[in-house]
Amino acid sequence: IQLLLEWDGLLLKLVGDKVNPVIALNGLQVLLALLACALCLVPKGLPGRWLAAPLLLLVIWLPYERRSPLQLTFLDVGQGLAVVIKTPTQTLLYDTGPQFSEKFDAGSAIIVPYLHRTGIRVLDTLIVSHNDNDHAGGVEGVLSGLQVSRALWGDMTAIPETLQDVSGNCHEEPSWQADGVTFSFVSIPVHLANTSNNHSCIFQIAYGEHRFLLPGDAEQAIERWLVSQPDLNKPVTLLAAGHHGSRTSSTDAFVLALAPQVVVFSAGYQSRFGHPHAEVVRRFEVQGSRMFNTAYSGAIMVQSAGTGELTITG
């Protein structure tokens with residue numbers, strides 16, 4: 001393993017900017033690298049050790065596999081929402097799932113272990129769509145295991161003291177780009193933010209031909225306003241179903257206007273709320289959307305290359 005790590009560092013130096021976090025060895029390259037390792041371990045005096053060097057050169061020469069530069073992972077946090085969004089250089093978290101009890105929350109029990117396992121210790125951006133428990137309950141748990149560089153909130157009334165200096169209002173945040181991906185929020189008219197759900201950060205992600213929309217728990221009044229805006233009244237590649245598939249969201253007009261190719265429900269298994277509601281499911285069925293539900297699939301990973309079909313596992 002140590003040899004592989006050292007050779008990986010050597011490869012980075014040799015090929016420079018051609019290697020970045022979204023480039024990986026393909027199957028043949030891994031096999032050749034392992035063979036080179038084995039040859040290096042051959043005792044002195046036995047033939048064949050010299051082949052390790054040309055094998056490593058062949059690994060460098062072969063074309064690299066380019067991994068998808070945009071990845072959204074809808075974690076299974078039960079009745080709640082937590083979406084990890086990754087580009088080659090950025091890691092964002094949209095919502096933190098619920099707090100189940102004083103000693104158990106989705107942030108420390110699910111989100112932090114997942115990110116640590118993928119090598120992430122710092123969140124570039126934490127987004128808390130609104131202050132309901134199923135979206136914000138895991139905040140303290142997240143903070144217990146991760147450093148947060150910036151936090152954006154749909155409701156500024158419950159910000160932890162440790163995040164005061166790095167926090168902002170998502171509804172006032174300008175758009176930004178990272179690795180060719182554009183992130184932006186929809187600025188909701190103040191008079192419509194009359195419930196906790198309608199404080200939700202409505203988060204848009206655009207990459208190439210693909211467009212993703214995460215509306216939190218925004219209700220029908222917000223949806224009606226959204227489809228009245230020319231810039232927002234257009235199809236999306238993927239939609240996180242509003243309010244976990246509740247009848248308070250996903251109106252006929254909204255579903256028709258956005259015509260999502262893919263819909264993800266983040267809901268609890270056999271939840272007492274009955275999400276997603278059968279009426280909502282039928283609307284997406286009529287639209288022809290592919291539907292996924294964390295209650296049955298567990299975590300759902302969506303990868304985008306900016307064009308063509310999304311790669312979805314879960």
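Given the structure is predicted, the values throughout are model-derived calculations rather than measurements.
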Pair Val227-Leu232, side-chain contact (heavy atoms from CB on, under 4.5 Å): steps then yes or no: CA-CA 6 Å; Val227 298; Leu232 304 174; over 6 Å; no
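- A donor-acceptor pair under 3.5 Å is absent between the side-chain atoms of Tyr207 and the main chain of Pro69, judged by distance alone.
- Residues Leu81 and Phe183 share a single hydrophobic cluster, defined by chaining ILVMFWY side chains whose heavy atoms lie under 4.5 Å apart.
- Although no hydrogens or angles enter the test, the distance criterion places a donor-acceptor pair under 3.5 Å between the side chain of Thr294 and the main chain of Ala267.
- Atom-to-atom distance recorded for Arg224:CZ and Gln220:CD is 6.0 Å, nearest 0.5 angstrom.
- Put simply, the side chain of Ser297 never gets that close to the backbone of Ile300: no donor and acceptor are under 3.5 Å apart.
- Remark: side-chain polar atoms of Ser167 are not paired, donor with acceptor, to backbone N or O of Leu152 under 3.5 angstrom.
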From CA spacing to verdict: side-chain contact (heavy atoms from CB on, under 4.5 Å), Ile202, Leu226: CA-CA 10 Å; Ile202 299 180; Leu226 287 172; 3.8 Å; yes
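- By the 4.5 Å heavy-atom criterion applied to side chains, Leu238 and Val263 are not counted as neighbours.
- If you take CE on Met301 and NZ on Lys86, they are separated by 8.0 Å, rounding to the nearest 0.5 Å.
- Considering only heavy atoms from C-beta on, Leu115 stays 4.5 Å or farther from Arg117 through its side chain.
- Taking CD of Gln204 as the start and OG of Ser175 as the end, the distance is 9.5 Å to the nearest 0.5 Å.
- Using modelled atom types, one finds a donor on one side chain and an acceptor on the other under 3.5 Å when comparing Asn131 with Thr157.
- Put simply, Val166 and Val128 are part of the same group of oily side chains (I, L, V, M, F, W, Y) that touch within less than 4.5 Å, one to the next.
- Here the side chain of Ser200 pairs a donor or acceptor atom with the backbone of Asp217 at under 3.5 angstrom.
- Transitive grouping of hydrophobic side chains (ILVMFWY, heavy atoms separated by less than 4.5 Å) keeps Leu75 and Phe292 in distinct clusters.
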task: Show your working on side-chain contact (heavy atoms from CB on, under 4.5 Å) between Thr182 and Trp176 and close with a plain yes or no.
output: CA-CA 6 Å; Thr182 300; Trp176 75 97; over 6 Å; no
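- Considering CD of Gln90 and OG of Ser149, their distance stands at 8.5 Å, rounded to 0.5 Å.
- Between Thr96 and Gly138, the shortest heavy-atom distance links the atoms OG1-N, 3.1 Å.
- Scanning both residues, Cys170 and Gly154, for their nearest heavy atoms gives SG-CA, 3.7 Å.
- The two residues Ala158 and Trp153 make their nearest non-hydrogen contact at O-CZ3, 4.2 Å.
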side-chain contact (heavy atoms from CB on, under 4.5 Å) evaluation trace for Val83 with Leu93: CA-CA 6 Å; Val83 187; Leu93 176 63; 5.9 Å; no
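- When each of Ser250, Pro276, Ser289 is checked for a side-chain contact (heavy atoms from CB on, under 4.5 Å) with Val281, only Pro276 meets the rule.
- Considering only heavy atoms from C-beta on, Gln99 stays 4.5 Å or farther from Glu140 through its side chain.
- A donor-acceptor pair under 3.5 Å is absent between the side-chain atoms of Arg247 and the main chain of Val280, judged by distance alone.
- Residue pairs meeting the ring-ring contact (aromatic ring centres under 6.0 Å, His included) criterion with at least one member in residues 210-239: none, sequence neighbours excluded.
- Taking all atoms of both residues into account, the shortest heavy-atom contact from Ala151 to Leu163 is CB-CD1, 4.1 Å.
- When only modelled atom types and interatomic distance are considered, His275 and Asn293 share no side-chain donor-acceptor pair under 3.5 Å.
- Salt-bridge formation is not detected for the pair Arg150/Asp124: no Lys NZ or Arg NE/NH1/NH2 atom is positioned less than 4.0 Å from an Asp or Glu carboxylate oxygen.
- A donor-acceptor pair is defined here as one N or O able to donate and one able to accept, closer than 3.5 Å; such a pair exists between the side chain of Glu223 and the backbone of Thr251.
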Determine all donor-acceptor pairs shorter than 3.5 Å in which one atom belongs to a side chain in residues 306-314; sequence neighbours excluded.
| unit_1 | atom_1 | unit_2 | atom_2 | d |
| --- | --- | --- | --- | --- |
| Thr307 | OG1 | Glu209 | OE1 | 3.1 |
| Thr307 | OG1 | Glu209 | OE2 | 3.4 |

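- Aromatic rings from Tyr269 and Tyr296 are positioned such that their centres are separated by under 6.0 Å.
- Residues Val139 and Pro160 have side chains in contact (heavy-atom distance under 4.5 Å, counting atoms from C-beta outward).
- Two residues are said to be in side-chain contact when any heavy atoms from C-beta on lie closer than 4.5 Å; Phe203 and Val186 fail this criterion.
- Atom CG in Leu213 sits 6.0 Å away from atom CG in Leu258 (nearest 0.5 Å).
- Panel note: side chain Arg211, backbone Lys234; a donor-acceptor pair is recorded below 3.5 Å.
- Residues Leu70 and Ile205 are in side-chain contact: their nearest non-hydrogen atoms beyond the backbone lie under 4.5 Å apart.
- Checked by atom type and distance alone, the side chain of Tyr114 never pairs as donor or acceptor with a backbone atom of Ala109 at under 3.5 Å.
- In terms of heavy atoms, Ser108 sits closest to Pro113 at O-CD, 3.2 Å.
- Checked by atom type and distance alone, the side chain of Asp179 never pairs as donor or acceptor with a backbone atom of Thr87 at under 3.5 Å.
- A donor-acceptor contact closer than 3.5 angstrom links the side chains of Glu219 and Asn197.
- Looking at every heavy atom in both residues, Gly97 comes nearest to Val77 through CA-CG2, 4.0 Å.
- Side-chain contact between Asp105 and Val142 is absent, with no heavy-atom pair separated by less than 4.5 Å.
- Taken from OG1 in Thr73 to CD1 in Ile111, the straight-line distance is 11.5 Å, to the nearest 0.5 Å.
- Counting only heavy atoms from C-beta outward, the side chains of His244 and Gln79 approach each other to under 4.5 Å.
- When each of His243, His171, His135 is checked for a ring-ring contact (aromatic ring centres under 6.0 Å, His included) with His130, only His135 meets the rule.
- Taking hydrophobic clusters as Ile, Leu, Val, Met, Phe, Trp and Tyr residues chained together by side-chain heavy-atom distances below 4.5 Å, Leu239 shares a cluster with Val255.
- The hydrophobic cluster containing Leu214 also contains Val302, counting ILVMFWY residues as joined when their side-chain heavy atoms lie under 4.5 angstrom apart, directly or transitively.
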